[in-house]
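The structure appears right after this line, and notes come after that.
In what follows, every heavy atom counts, from backbone to side chain, and hydrogens, waters and symmetry copies are set aside. All values derive from a computational prediction rather than experimental measurement.
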Amino acid sequence: MSVTPKPKAPDRMPPGQRFVNGWPVSHYGPVPRFRPERWSLRVFGATASGDTHEWTFDDVAGLPRTTVTADLHCASGPTSTGHEWYGIPATTVLDLVPPTSEVTHVMAWAEYGYSANLRLADFTSSQTLMATHHNGEPVTAEHGFPLRLVVPHLFGYKGPKWLRGIEYMTADRRGFWEERGYHNLVAPWLQQRYSYQEDASD
């Protein structure tokens, strides 16, 4: 299924959203303590080789980077605009650790077992990246340091803070908030917020 395109400017506010200044902190659970010697990013599941790949914190620092400027939409209503993200394009993961041809979805795993499922087309969008910096500064602990998945065309809960793993999946499986009543696809421009809005094609 293709990614839902974002309407062109100046209509940048999805229906039902409200503009907020700054960048409100929103997450479930405590802020984890970062221990660089224990930290790694794993790619596993249906990899083409059948192996799990793991990068240390220093390894991740050497991966290619890009900059994306985009708005951030929360399913509860707030929208903040003009965020400049700098980090690793999500497509780099697939280039370095190819999935099998049967992969249709990924699960993004974060600290404390938090997870968010994504269609492969959403994960490979040109604007999806694993952010290390925000507006020219390292992402703060409260906002996801050292690595935060950013998927600008979806609601924020599809982009976990404190990212630790990418699982390749050959079938969809709901993540943390999707299991708790939130929409499985979450297109802000279609107001897809809650699971009761889903239809059979979702």
Side-chain angles (χ1 to χ4, degrees), residues 22-72 74 80 82-99 103 105-118 120 122-152 154-169 173 175-179:
W23 187 16
V25 174
S26 177
H27 58 260
Y28 180 86
V31 175
R33 179 183 175 188
F34 175 60
R35 298 177 174 87
E37 71 281 0
R38 299 182 183 181
W39 189 93
S40 65
L41 177 69
R42 289 200 311 144
V43 182
F44 62 102
T47 63
S49 66
D51 298 326
T52 293
H53 191 93
E54 193 164 1
W55 287 292
T56 66
F57 181 66
D58 289 339
D59 293 335
V60 168
L63 295 178
R65 305 297 175 98
T66 191
T67 299
V68 169
T69 300
D71 301 339
L72 184 61
C74 179
S80 52
H83 297 273
E84 183 184 272
W85 307 100
Y86 176 74
I88 304 149
T91 52
T92 298
V93 173
L94 282 81
D95 291 340
L96 296 175
V97 188
V103 168
H105 294 75
V106 303
M107 187 73 79
W109 290 96
E111 298 283 0
Y112 305 131
Y114 181 92
S115 59
N117 58 315
L118 296 161
L120 189 61
D122 292 318
F123 186 69
T124 58
S125 165
S126 61
Q127 288 204 312
T128 300
L129 80 166
M130 298 176 291
T132 59
H133 289 69
H134 175 264
N135 289 351
E137 300 290 338
V139 174
T140 63
E142 293 78 9
H143 285 297
F145 182 84
L147 205 60
R148 173 184 181 139
L149 184 63
V150 176
V151 192
L154 301 182
F155 279 128
Y157 66 87
K158 287 293 189 179
K161 302 177 182 181
W162 312 300
L163 186 68
R164 294 298 303 273
I166 300 296
E167 178 186 0
Y168 294 155
M169 304 191 298
R173 190 170 77 247
F176 181 88
W177 286 116
E178 295 82 5
E179 288 183 333

Taking the side chain as everything from C-beta on, heavy atoms only, tell me whether [X] gets closer than 4.5 Å to [Y].
{"X": "Leu41", "Y": "Leu163", "answer": "yes"}
{"X": "Glu54", "Y": "Phe44", "answer": "no"}
{"X": "Val43", "Y": "Glu167", "answer": "no"}
{"X": "Leu120", "Y": "His105", "answer": "no"}
{"X": "Leu154", "Y": "Asp122", "answer": "yes"}
{"X": "Tyr86", "Y": "Val68", "answer": "no"}
{"X": "Leu129", "Y": "Trp85", "answer": "yes"}
{"X": "Tyr112", "Y": "Pro30", "answer": "yes"}

What distance do [X] atom [atom1] and [Y] atom [atom2] have between them, rounded to the nearest 0.5 Å?
{"X": "Ile88", "Y": "Leu63", "atom1": "CD1", "atom2": "CG", "answer": "4.5 Å"}
{"X": "Thr47", "Y": "Leu94", "atom1": "OG1", "atom2": "CG", "answer": "11.0 Å"}
{"X": "Ser125", "Y": "Leu118", "atom1": "OG", "atom2": "CG", "answer": "10.5 Å"}
{"X": "Phe145", "Y": "Thr140", "atom1": "CZ", "atom2": "OG1", "answer": "10.0 Å"}
{"X": "Phe57", "Y": "Arg38", "atom1": "CZ", "atom2": "CZ", "answer": "15.5 Å"}
{"X": "Glu37", "Y": "Asp58", "atom1": "CD", "atom2": "CG", "answer": "11.0 Å"}

**Message:** Quick one, Phe123 with Thr91, criterion side chain to side chain contact (heavy atoms under 4.5 Å, CB included). Give me CA distance, side-chain angles, the key distance, then yes/no.
**Reply:** CA-CA 8 Å; Phe123 186 69; Thr91 52; over 6 Å; no
**Asked** Would Trp39 and Phe34 satisfy side chain to side chain contact (heavy atoms under 4.5 Å, CB included), going step by step from the backbone distance to the final call?
**Response** CA-CA 7 Å; Trp39 189 93; Phe34 175 60; 3.6 Å; yes
Tell me whether [X] contacts the main-chain N or O of [Y] through its side chain, where contact means a donor paired with an acceptor under 3.5 Å.
{"X": "Tyr168", "Y": "Val97", "answer": "yes"}
{"X": "Asn117", "Y": "Met107", "answer": "no"}
{"X": "Arg42", "Y": "Ser40", "answer": "no"}
{"X": "Lys158", "Y": "Val151", "answer": "no"}

Determine the minimum heavy-atom distance between [X] and [Y], stating which atoms define it.
{"X": "Thr66", "Y": "Pro89", "result": "CG2-CG, 3.5 Å"}
{"X": "Thr92", "Y": "Pro64", "result": "CG2-CD, 4.0 Å"}
{"X": "Tyr157", "Y": "Ala116", "result": "O-CB, 3.6 Å"}

Under 3.5 Å, is there a donor-acceptor pair linking the side chains of [X] and [Y]?
{"X": "Asp59", "Y": "Thr56", "result": "yes"}
{"X": "His134", "Y": "His143", "result": "no"}
{"X": "Thr132", "Y": "Arg148", "result": "no"}

**Request:** Could you tell me whether Arg173 and Glu179 make a salt bridge, using a distance below 4.0 angstrom between a side-chain N and a carboxylate O?
**Result:**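 No, this pair does not count.
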**Message:** side chain to side chain contact (heavy atoms under 4.5 Å, CB included), that's the test. Do Thr128 and Leu149 meet it? Break it down for me.
**Reply:** CA-CA 7 Å; Thr128 300; Leu149 184 63; 4.0 Å; yes
